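For reference, the structure discussed in these notes is given below.
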2 protein chains.
Amino acid sequence: MGKSICPRFEKAIGLLSQRWTGLIVYQLLPGPQRFCSIESSIGISGRVLSERLKDLESEGIVNREVFPETPVRIEYSLTDKGRSLEPLMREMEKWSQNWLEA
Amino acid sequence: MGKSICPRFEKAIGLLSQRWTGLIVYQLLPGPQRFCSIESSIGISGRVLSERLKDLESEGIVNREVFPETPVRIEYSLTDKGRSLEPLMREMEKWSQNWLEA
DNA sequence: TATACTAACTTACGTAAAGTAACCAACTAA
DNA sequence: TTAGTTGGTTACTTTACGTAAGTTAGTATA
């Protein structure tokens, strides 16, 4: 009954508590990457990566750019909204360094 | 192949990208809460809440204390490790305020 | 001409995680 | 004796995810 949580916060945590979403954003922080590169670097399946990238694009967090080369190159990058998640990611890095063991 | 992500970071993001984990921690930030209170405040099912609280306890993030009253009262609270997630939660709050619509 | 190669997906199918609802144990109050 | 409380668990259904094969478009090779 006492659902007193801010709906914006709930949406944010809903986004980032979806499997892989955080890692995809983290992986794009240094710069644009293509599909196969993200796929192999974080170990996600192509099926789910495709799904996540569409979600993130529709949320305005990720941008998709097509380069009609051969074979086609498609680059995914963070929008301003996506890059603004960097402080959060840095906090996560800090926490993991301070509180988790190697 | 290029799995260059720090294993500690991967573990952290693995924890927080499990559904409900973030909301449970967030809900415990102000202080101890009992099972039914967490359940109703975030809208999680009892089955999964029970599962998550066990996980979080075994990760040293949440503490479980039994008060043998009638009916029994069980309080869940954050450990130091759990409370250390507060900066991350605050960043999430900030981001949601700045970038998501109501 | 036919076969093969690449990137970026999509489809079909099986397994794992989560939601729903009913039930249980222990204790007390009516 | 019946009912009510908290903090669960169990059985079952639905949704999410993983795996592997197939698709499309545009070359390049034999």
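Predicted model, so just to flag it, every value in this text is computed and none were measured. Below, read A as the first sequence line, B as the second, and so on, with proteins coming before strands; counting in each chain starts at 1.
A donor-acceptor contact under 3.5 Å is not formed by the side chain of A/R34 with the base of C/dA7.
Of the candidate nucleotides D/dC17, C/dT6, C/dA18, D/dC17 has the atom lying nearest to any side-chain atom of A/E51. Here the side chain of A/V48 is nearest to one of D/dG18, C/dA8, D/dG8, namely D/dG18. Comparing C/dT28, C/dA18, C/dT20 by their nearest atom to the side chain of B/T70 picks out C/dT28. Of the candidates C/dT10, C/dA8, D/dG7, D/dG7 carries the atom nearest the B/F35 side chain, counting heavy atoms from C-beta on. If you check D/dT19, C/dT10, D/dT9 against the side chain of A/S45, the one that comes closest is D/dT19.
With respect to the salt-bridge test (charged N to carboxylate O, under 4.0 angstrom), the residues A/E91 and A/K94 qualify. Between B/R47 and B/E39 there is no salt bridge, since none of the side-chain N atoms of the basic residue sits less than 4.0 Å from a carboxylate O of the acidic one.
Side-chain contact between A/I24 and A/L56 is present, with at least one heavy-atom pair separated by less than 4.5 Å. Using a 4.5 Å heavy-atom cutoff, the side chains of A/E75 and A/F35 are not in contact.
Of the two residues near DNA chain C, B/G46 and A/G46, the one whose nearest nucleotide lies more 5' is A/G46. If you find the closest nucleotide of DNA chain C to B/W20 and to A/C36, the one lying nearer the 5' end belongs to A/C36. Closest-nucleotide positions on DNA chain D for A/E69 and B/S37 were compared, and the one nearer the 5' end corresponds to B/S37. Take the nearest nucleotide of DNA chain D for B/Y76 and for B/R19: the residue whose nucleotide is more 5' is B/Y76.
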